[in-house]
Amino acid sequence: MTMATSRALLDALQLPDSARVDQRVPKKLLLENGAPTASDKRLITDAIEEIQWLAALKPNTIGVPSYRDAQREYLEIAVLGVTLRGAVKPASLARLAELVHRAVPYPVLLLMEGPALTLSLAHKRWAQNEAGKVVLDGDPASASLSHITEDVVQDAEAVDRSIAPQIERAFVQSLSIARQPQTTLHALYQGWMERVCALQAARLTGTYQADTTPEQAAARWQALADCARLENEIDRLRAQAAKEKQLARQVELNLTLKRVQAELAAARRQL
């Protein structure tokens, strides 16, 4: 799969016909329910061409039981498709995904199609201070297909461009609903989130490994978070060193940079 489309990815999910909805969602619903600020409203108006409700994954449509505990209730997973108006800056794309996730009371498998296709997921939980209100439980997990992100291209230690299509193909092939946990809707959704995590890791290691134990998945999430933190620290140190005039301070910054680079290499080995 070299050119991803939302339809191709939807086909790869292999959802049963009983779960398909294929209805257009008026954009004004998102504007009314998912745009807390004027800038958010402008972003939705300018960046989104169309919203489609593609499928509703419920116990009676896919045969997977619902889930409830003290933190959350998963009665349904909504599969939504958003068609973008051309290229959208990464920060704006991330904000759009967050707004869609926040606007829908169910966990969402979100497909955002523009020049590239972005898959985004985010767990939900009960709000602590408002009875009956649902909020995001952590940041969305997102991955874009059919391109290598700018930070990966610039990183000499990251996976080579030529390997990217193979990684994405393996990722897409692992998304079939039949290959995800079937115990509950929460477990099913977590399975997809771990696939996204595996793709992010593969873009650093060159190898896509989807199936892991819960302990291995948690360790991978932590390693990815550590990599992101350390990469930001390396960028900061490099910028600081480039501006530094004093030789002694330059030496100190370079030593710190080498130490953080070693930590980053160790974190990548945990992926």
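Throughout, numbering of the chain's residues begins at 1 and tracks the sequence. Computed from heavy atoms alone, side chains included, the values below leave out hydrogens, waters and symmetry copies. The model shown is predicted, which means the values in this text are computed figures rather than measured ones.
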With sequence neighbours left out, what residues match Glu252 under salt bridge (Lys or Arg N to Asp or Glu O under 4.0 Å)? Arg249
Side chain to side chain, Val25 and Leu30, heavy atoms closer than 4.5 Å: no
Using only atom types and a distance under 3.5 Å, with no angle test, would you say the side chain of Gln182 pairs donor to acceptor with the backbone of Ile177? yes
Under 3.5 Å, side chain of Tyr106 to main-chain N/O of Leu57, donor-acceptor pair present? no
Kindly indicate whether the side chain of Thr83, heavy atoms from C-beta on, has any atom under 4.5 Å from the side chain of Ile51. no
Taking only distance into account, with no hydrogens and no angle test, what donor-acceptor pairs under 3.5 Å do side-chain atoms of residues 135-143 form with protein atoms, sequence neighbours excluded?
unit_1 : atom_1 : unit_2 : atom_2 : d
Asp137 : OD2    : Arg72  : NH1    : 3.1
Asp137 : OD2    : Arg72  : NH2    : 2.9
Ser142 : OG     : Ser120 : OG     : 3.0

For Pro165, does its backbone N or O pair with a side-chain atom of Glu168 as donor and acceptor, under 3.5 Å? no
Mark yes or no for whether Trp192, through its side chain, and Leu109, through its backbone, hold a donor-acceptor pair below 3.5 Å. no
Report yes or no: does Gln209 contribute a side-chain atom to a donor-acceptor pair with the main-chain N or O of Thr207 at less than 3.5 Å? no
Between Met112 and Leu117, is there shared hydrophobic-cluster membership here, with clusters defined by ILVMFWY side-chain heavy atoms closer than 4.5 Å? no
Sequence-distant partners of Lys133, salt bridge (Lys or Arg N to Asp or Glu O under 4.0 Å), two or more places apart: Glu130
Side chain proximity check, Leu119 to Leu110, heavy atoms < 4.5 angstrom: no
Around atom CG of Asn60, are there more than 12 heavy atoms from other residues, nucleotides or ligands closer than 6.0 Å? yes
Who pairs with Thr183 by side-chain hydrogen bond (donor to acceptor under 3.5 Å, both in side chains), at least two apart in sequence or on another chain? none
Lys/Arg N to Asp/Glu carboxylate O, Lys27 vs Glu32, below 4.0 Å: no
Is the side chain of Tyr189 donor-acceptor paired with the backbone N or O of Leu121 at a distance under 3.5 Å, no angle test? no
Is there a side-chain contact between Gln270 and Arg220 in this structure, where contact means two heavy atoms from C-beta onward sitting under 4.5 Å apart? no
Under 3.5 Å donor-acceptor, Gln71 side chain and Lys124 backbone: no
Going by salt bridge (Lys or Arg N to Asp or Glu O under 4.0 Å), name the pairs with one or both residues in residues 98-110, residues two or more places apart or in two chains. Arg95-Glu98, Glu98-Arg102
Any non-hydrogen side-chain atom of Leu185 less than 4.5 Å from a side-chain atom of Pro59? yes
Check whether Trp53 reaches the backbone of Ala55 with its side chain - one donor and one acceptor, N or O, closer than 3.5 Å. yes
With a 4.5 Å limit on heavy-atom distance, are the side chains of Leu199 and Leu145 in contact? yes
Set of residues satisfying side-chain hydrogen bond (donor to acceptor under 3.5 Å, both in side chains) with respect to Arg85, sequence neighbours excluded: Glu49
Test Arg20 against every option in Thr61, Val79, Leu10 by the side-chain contact (heavy atoms from CB on, under 4.5 Å) rule and name the one that passes. Leu10
Examine distances only and state if a side-chain atom of Arg179 and a backbone atom of Leu13 form a donor-acceptor pair shorter than 3.5 Å. no
Suppose we screen for side-chain hydrogen bond (donor to acceptor under 3.5 Å, both in side chains). Which residues come up paired with Gln222, at least two apart in sequence or across chains? Asp226
Could you check whether any side-chain N or O of Glu244 sits under 3.5 Å from a backbone N or O of Gln246, counting only pairs where one atom can act as donor and the other as acceptor? yes
Going by the rule salt bridge (Lys or Arg N to Asp or Glu O under 4.0 Å), which residues pair with Glu263 if we only count those two or more places apart in sequence or in a different chain? Arg259
side-chain hydrogen bond (donor to acceptor under 3.5 Å, both in side chains) filter on Asn129, not counting sequence neighbours, yields none
Arg42: which residues meet the salt bridge (Lys or Arg N to Asp or Glu O under 4.0 Å) condition with it, sequence neighbours left out? none
To which residues is Trp126 joined in a hydrophobic cluster, defined by side-chain heavy-atom contacts under 4.5 Å among Ile, Leu, Val, Met, Phe, Trp and Tyr, whether direct or through other members? Val134
List in chain and number order the residues that pass ring pair (Phe, Tyr, Trp, His ring centres under 6.0 Å) with His101, two or more places apart in sequence or in another chain; answer none if no residue qualifies. none
Is there a side-chain contact between Leu111 and Leu54 (heavy atoms, below 4.5 Å)? yes
